[in-house]
Every structure is written in structure tokens, then in C-alpha cells.
Amino acid sequence: MFNAEIQKLETSALLSLYVVDLSSIAPELPEEEQILRFCPMTNELGESVVWQGNTYTPYPCEGEGFGVSTQGSPPRPLFRAMNINGVLTDLCLAYQDLVQAKITRMRTFARFLDAVNFADGNPDADPENHYPDDVFRIERKTDENDIYIEWELRWPFEIGRAHV
């Protein structure tokens, strides 16, 4: 079903869902606070998006630069999130700008979201229909202000390399 959806001229909305895993940099946090799930939109009901049984908080965020190049250095994607009430600033202050935290970007089409996202359910709900996950580590914080915080990410295959 996923390949058929990709090949359509008009697909359902493509969603990017983000998981920020703080467990490696903040193991003292309670388990339920170590994983943050964000989606930059709400579902049909105006509520948090649910996919694969996980709830993604509607939170203004975006990523860019995820392309893959076969020449030169790998691209360094950026992840930007609104700094609502300074929550992210507080996390950055407590955990060294979240450097080394793992960020996973998942992408699927709205038609495959869990049935609870829709008033009439969803017969096409399928947690297996999605692009492969993109997994990164936060390399460094690149910008912070009252509106947003931005981080530069690195691909997992760069983890063993020396960083300048």
C-alpha cells in the first residue's frame, strides 16, 4: 500500500513525526520524561497525532537538509522547535544543549495513521507503511532565541569520526 501511495499524483498528507530521546544524556529523568514526541500538526479531531500507538504532541517544529549526497561530506540537517515558555531552554541548560541526544524523524502518510485520529476511524491504518526512519544525534545548538531553538544534527555513520 505504501508504494502505491507514493506513486499517486495526489497523496494524502505526508507527516513528519519527531522523537527526541534524552535517555543517554539524562538517565536520571523518569522514563516517561526521557522520550519527547513532536508533530507539527494535529489530527482530524484537533488533538495529538497517534501513530504506532504513540502520541505525538502538537508542537511547532521542523527539520531541513535531510537529503543524502554521495559526494563530499554528508549534509548536516537542522532541527528547529519553538521555545514555548522556555521549556527547551530549560532542557538545554540542564543537559548541555542536548548534545548527543538522539533524534528520530519518521514519515508516513495521513491515511496510515491510527484509527483514533479520525472521527469515523481509519480502515487504512497501518503502522508498517512509512518511509525508513532517519536517526541522528544532536551535534550542537546553532541558534536560540525567545521564539525557537535550532540544532545541527549528524548522521549515525559519522558518530565514530573526530569532530572539529
Side-chain angles (χ1 to χ4, degrees), residues 1-8 11-27 29 31-43 48-84 87-88 91-92 95-114 117 122 124-144 148-164:
M1 278 194 342
F2 189 75
N3 288 336
E5 184 73 11
I6 292 171
Q7 295 173 8
K8 288 181 178 179
T11 63
S12 63
L14 179 63
L15 283 80
S16 290
L17 304 119
Y18 298 94
V19 176
V20 180
D21 182 347
L22 304 175
S23 61
S24 66
I25 64 166
L29 284 175
E31 277 188 46
E32 65 274 7
E33 294 178 24
Q34 291 179 1
I35 305 293
L36 309 173
R37 290 184 172 85
F38 302 127
C39 181
M41 56 184 27
T42 58
N43 64 20
S48 297
V49 170
V50 178
W51 188 56
Q52 296 180 330
N54 294 308
T55 301
Y56 292 81
T57 302
Y59 201 89
C61 61
E62 64 182 359
E64 66 179 52
F66 291 105
V68 177
S69 173
T70 58
Q71 298 178 350
S73 298
R76 290 289 176 97
L78 298 174
F79 177 69
R80 199 172 299 112
M82 296 294 286
N83 194 11
I84 299 171
V87 170
L88 294 176
L91 283 171
C92 285
Y95 301 105
Q96 291 134 17
D97 293 334
L98 306 186
V99 170
Q100 297 299 320
K102 182 169 76 170
I103 293 187
T104 304
R105 177 182 73 148
M106 294 163 288
R107 294 173 298 151
T108 192
F109 292 99
R111 85 176 263 205
F112 301 124
L113 292 175
D114 296 16
N117 291 288
N122 182 12
D124 291 331
D126 189 340
E128 300 304 316
N129 279 301
H130 59 91
Y131 284 101
D133 294 349
D134 294 318
V135 180
F136 305 92
R137 292 281 178 179
I138 291 178
E139 177 72 8
R140 65 188 179 98
K141 181 176 69 176
T142 57
D143 198 2
E144 178 177 2
Y148 68 88
I149 296 182
E150 178 182 85
W151 295 271
E152 180 181 81
L153 310 178
R154 68 176 170 190
W155 295 88
F157 55 81
E158 290 186 274
I159 291 175
R161 294 184 182 183
H163 297 96
V164 180

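Side chains are part of it too, since the values below use all heavy atoms of this structure and drop only hydrogens, waters and symmetry mates.
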Pairs under 3.5 angstrom only: tabulate donor-acceptor contacts from the side chains of residues 104-112 to other protein residues two or more places apart or in another chain.
| unit_1 | atom_1 | unit_2 | atom_2 | d |
| --- | --- | --- | --- | --- |
| R105 | NE | D134 | OD2 | 3.0 |
| R105 | NH2 | D134 | OD2 | 2.6 |
| T108 | OG1 | N129 | O | 2.6 |
| R111 | NE | D124 | OD2 | 3.4 |
| R111 | NH1 | E5 | OE1 | 2.7 |
| R111 | NH2 | D124 | OD2 | 3.4 |

Start with the C-alpha distance between V99 and I25, add both sets of side-chain angles, then the distance that settles side chain to side chain contact (heavy atoms under 4.5 Å, CB included), and finish with yes or no.
CA-CA 8 Å; V99 170; I25 64 166; over 6 Å; no
Residues that [X] engages under side-chain hydrogen bond (donor to acceptor under 3.5 Å, both in side chains), provided they are two or more places apart:
X: E62; result: R80
X: Y95; result: E28
X: D143; result: Y148
X: D114; result: none

Can you check whether [Y]'s main-chain N or O pairs, donor with acceptor, with [X]'s side chain at less than 3.5 Å?
X: Q52; Y: P127; answer: yes
X: Y56; Y: Y18; answer: no
X: D133; Y: V135; answer: no

Nearest 0.5 angstrom please: [X] [atom1] to [Y] [atom2], how far?
X: R140; Y: L98; atom1: CZ; atom2: CG; answer: 14.5 Å
X: R76; Y: E152; atom1: CZ; atom2: CD; answer: 5.0 Å
X: L88; Y: E150; atom1: CG; atom2: CD; answer: 13.0 Å
X: S24; Y: Q100; atom1: OG; atom2: CD; answer: 7.0 Å
X: L36; Y: C61; atom1: CG; atom2: SG; answer: 11.0 Å
X: L78; Y: W151; atom1: CG; atom2: CH2; answer: 11.5 Å

side-chain contact (heavy atoms from CB on, under 4.5 Å) with [X]: which residues, sequence neighbours excluded?
X: T55; answer: S48, V50
X: P77; answer: F66, F136, L153, W155
X: E33; answer: L29, P30

Smallest separation among heavy atoms of [X] and [Y], with atom names:
X: S16; Y: P40; answer: O-CD, 3.3 Å
X: E144; Y: I149; answer: CG-CG1, 3.6 Å
X: V20; Y: I103; answer: CG2-CG1, 4.1 Å
X: S23; Y: Q34; answer: CB-OE1, 3.1 Å
X: L17; Y: V49; answer: CD2-CG1, 3.9 Å
X: N122; Y: L113; answer: ND2-O, 2.8 Å

As a quick check of understanding, evaluate side chain to side chain contact (heavy atoms under 4.5 Å, CB included) for L91 and L22, giving each step before the final call.
CA-CA 10 Å; L91 283 171; L22 304 175; 4.3 Å; yes
Sequence neighbours excluded, the answer for ring-ring contact (aromatic ring centres under 6.0 Å, His included) partners of W51 is H130
Check the surroundings of atom CD in Q96: do more than 12 heavy atoms from other residues, nucleotides or ligands lie under 6.0 Å from it?
no
Output all residues satisfying salt bridge (Lys or Arg N to Asp or Glu O under 4.0 Å) with D97, sequence neighbours left out; order by chain, then residue number.
K141
Below 4.5 Å, heavy atoms only, C-beta onward: do I138 and F79 meet side chain to side chain?
no
